[in-house]
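To start, the structure itself, in structure tokens.
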Amino acid sequence: MEQILKSMFDREYDVIVVGAGHAGSEAAAAAANLGCSTLLITMNLQNIAQMSCNPAMGGIAKGQIVREIDALGGYSGIVSDRTAIQFKMLNKSKGPAMWSPRVQSDRMRFAEEWRLLLEQTPNLDFYQEMVSGLLVENGQIKGVKTSLGITIRAKSVVLTNGTFLNGLIHIGEKQFGGGRAGEKAATGITEQLIDLGFDAGRMKTGTPPRVDGRSLDYTKMVEQLGDEQPEKFSYSDLSKPLTKQRSCYMTYTSTEVHDLLREGFDRSPMFNGRIKSIGPRYCPSIEDKINRFADKDRHQIFVEPEGWDTVEVYVNGFSTSLPEDVQFKALRSVAGFEAVKFFRPGYAIEYDYFPPTQLTHTLETKLIAGLFFAGQINGTTGYEEAASQGLMAGINAALKVKEEEAFILKRSEAYIGVLIDDLITKGTEEPYRMFTSRAEYRTLLRQDNADFRLTPMAHKIGLATDDRMHRMEAKEKKASAFVQFFRETSVTPKEANPVLEAKGSSPIKQSGKLFKLFARPQLTLDDIKHFEKIDAYIKEHKLDKEILEQTEIQIKYSGYIEKEKNNADKLNRLENIKIPKDFDYTKLKSLSYEACEKMSKIRPATISQASRISGVTPSDISVLLVYMGR
């Protein structure tokens, strides 16, 4: 039997991807689309790209990441658009640097769409089994071993194990092994990696109950509608905006609910010591919220449908590992949930991760050449963070096999660049989540311009298609021409003042350029369209909403954008000063002990990366610069 199975894998793959969650799916697609023979191995092919937690993609900063993945030629944006049931652009009341797209997804169709896309991808094979070990020879990855004893050889391997590495599920005082409800944990890999010299740790995440929507009273909740004019994630023409949407709803906990939850605290694995690892700070469980924020008498609960046709509902904001009877009793005291029926209770899960300071910017491990980590194995939380790492690991695994230059995004080029640099430079001791505040250059890294920033780079390495490149170039050309029209076109007081006075803005006394006028915060694009010249230009050149929005942002925020570009250029000068891989920091006697220790461990690739390491001071950087002859 073993010999027959071995013959199925008598070839050596270029890339093997272990795990088919969001990270694994993007990694496999990227490697295969770059022309590498790729094998995707997962424990259950029915659960490819499963949404283990909330049925949604995007959100604050996460939406920017999905658009970046799409601009690079990944699939997450297309799948999200095709399976969305609601679209919202969050933070529209703030500046465009904060705008973040989000979709509510159809959970079952999301996974199905991902599988169909992957099955249509050339160069990609599939196999269902558990990988229990790695083949390593002389510090180089050579393939994987499965639980059936099969050896499959490869030039590079991407591990995207999610929450499955020695996963342990907690519901009250009950605990059992598993990587997700109803699925077994993965064993063997952690122990081998530790033997090879890797540091490992434990993290925790959780999920709320799923309930029967037919048992809820929506009249007691606040309806949450999607946008009147929904947009979409993908810059391509492979998806379309929604024409109909499903509503979500919002309700609140109460002091009564909190009291009922507290009754179960003595049986809570969070409080009785059973869970020892750290959970996500920005997505706490309901018991953690009422414990940490004892002064608040209520918390929001978002009631999210799981799809177009199913009655299953996700109770966002009620993540918990309390005993199921406590969960049920407390939830029945929430407005609208008085007759609730459970599909399944919430639970917490602990799993192994590997501190990401053990990786380079390509997500390749420093210890084993050709071995890459992506997703929750690196200590992150969230589908979007995982998918972006999978994409970058898949790209770099393929480029390494092809002996081509690595693909690395700078902090000034993408949120993905910020994410990876944060992970490998600072590490993380709690599940890492992306926020706009983590990016120094968020005015440059907007969700509307990800294609301008990233599609040319992706096209250069062969991942973004010619069609994507042409669409981006056409959009950029139209937007630039329209901005130039504003710079060159004058408007008289007679034309401008009626519009200005209607908006409470000071009238002009002499003719001036439209660019300067439109930069006023009181004026919107709808106001400017009242000018005959503008209206005629829009109609003549058939400018769509995307071009108009792009033009408005470029004009209104031109000062901020220019300032951030200058700051980014200064940083990039330090990015260009490379530090040799085997540099001996101990010979720099003027370095602080902490800087010497941290830099010797993390091995920064550039002076700029060194400056971001916790504990490294400006004076330490000066010492390095002097030594490098700067």
Side-chain angles (χ1 to χ4, degrees), residues 16-19 21 23-24 27 41 43 52 130-136 139-141 144-147 156-170 175-180 183-206 269 273-281 348-360 362-382 385-386 389-390 393 419-420 422-433 597-598 600-603 614:
I16 289 177
V17 178
V18 180
I41 308 181
M43 290 163 67
S52 307
M130 184 171 84
V131 169
S132 55
L134 305 172
L135 291 177
V136 179
Q140 171 77 42
I141 198 74
V144 301
K145 301 172 195 168
T146 74
S147 57
S156 64
V157 171
V158 183
L159 292 185
T160 69
N161 303 79
T163 60
F164 280 75
L165 292 179
N166 293 319
L168 184 65
I169 292 172
H170 297 266
Q175 59 183 48
F176 45 91
R180 189 162 49 206
E183 296 179 64
K184 65 181 181 180
T187 55
I189 292 177
T190 296
E191 294 72 19
Q192 184 185 4
L193 288 172
I194 291 171
D195 286 344
L196 287 165
F198 286 88
D199 293 330
R202 294 283 277 176
M203 279 191 178
K204 179 209 88 140
T205 190
R274 283 178 181 269
I275 292 178
K276 296 178 173 64
S277 47
I278 300 170
R281 178 189 300 264
I349 181 166
E350 288 185 286
Y351 54 94
D352 295 336
Y353 85 105
F354 292 84
T357 49
Q358 300 170 98
L359 307 175
T360 68
T362 62
L363 297 179
E364 184 179 18
T365 65
K366 294 173 185 174
L367 279 174
I368 307 295
L371 177 63
F372 295 77
F373 291 172
Q376 284 173 288
I377 191 171
N378 290 337
T380 59
T381 181
E385 289 89 344
Q389 292 172 71
L419 167 71
I420 292 173
D422 275 357
L423 290 173
I424 71 159
T425 303
K426 301 173 184 174
T428 185
E429 293 178 353
E430 61 184 53
Y432 177 102
R433 177 181 175 177
E597 186 181 45
K598 295 265 181 80
S600 296
K601 181 182 178 184
I602 291 170
R603 295 268 153 214
S614 174

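Residues take their numbers from the sequence shown, with the count starting at 1. Just so it is clear, the model here is predicted, and its values are computed rather than measured.
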Once rounded to the nearest 0.5 Å, what's the spacing between atom [atom1] of [X] and atom [atom2] of [Y]?
| X | Y | atom1 | atom2 | answer |
| --- | --- | --- | --- | --- |
| Thr146 | Met43 | OG1 | CE | 12.0 Å |
| Asn161 | Thr190 | CG | OG1 | 7.5 Å |
| Leu367 | Ile141 | CG | CD1 | 11.5 Å |
| Thr163 | Ile349 | OG1 | CD1 | 4.0 Å |
| Ile189 | Ser132 | CD1 | OG | 7.5 Å |
| Phe164 | Ser52 | CZ | OG | 6.5 Å |

For atom NZ of Lys184, is the number of surrounding heavy atoms from other residues, nucleotides or ligands below 6.0 Å larger than 12? no

Shortest non-hydrogen separation from [X] to [Y] and the atoms involved:
| X | Y | result |
| --- | --- | --- |
| Gly427 | Pro356 | CA-CG, 4.2 Å |
| Lys366 | Lys601 | NZ-O, 3.8 Å |
| Pro280 | Pro431 | N-CG, 3.7 Å |
| Gln376 | Tyr351 | NE2-OH, 3.8 Å |
| Asn166 | Arg202 | O-NH1, 2.9 Å |
| Leu193 | Phe354 | CD1-CZ, 3.5 Å |

[Y] side chain reached by [X] side chain, heavy atoms, under 4.5 Å:
| X | Y | answer |
| --- | --- | --- |
| Gln175 | Pro269 | no |
| Thr360 | Arg603 | no |
| Thr357 | Ile424 | no |
| Lys426 | Ser614 | no |
| Leu159 | Leu134 | yes |
| Leu359 | Glu364 | no |
| Ile278 | Met203 | no |
| Thr380 | Arg433 | no |

Given Val157 and Val144, is the side-chain contact (heavy atoms from CB on, under 4.5 Å) satisfied, shown in steps? CA-CA 8 Å; Val157 171; Val144 301; 4.1 Å; yes

Please determine whether a side-chain nitrogen of the Lys or Arg among Lys204 and Glu350 lies less than 4.0 Å from a carboxylate oxygen of the Asp or Glu. no

Can you tell me if [X] uses its side chain to pair, donor with acceptor, with the backbone of [Y] under 3.5 Å?
| X | Y | answer |
| --- | --- | --- |
| Glu191 | Gly188 | yes |
| Glu385 | Tyr432 | no |
| Thr365 | Ile368 | yes |
| Gln358 | Pro355 | yes |
| Thr160 | Val18 | yes |

Which residues share a side-chain contact (heavy atoms from CB on, under 4.5 Å) with Gln140, sequence neighbours left out: Lys142, Ala369

Name the orientation class of the two ring planes belonging to Phe373 and Phe198 (parallel below 30°, tilted from 30 to 60°, perpendicular beyond 60°). tilted

side-chain contact (heavy atoms from CB on, under 4.5 Å) between Phe372 and Thr362, worked out: CA-CA 8 Å; Phe372 295 77; Thr362 62; 4.0 Å; yes

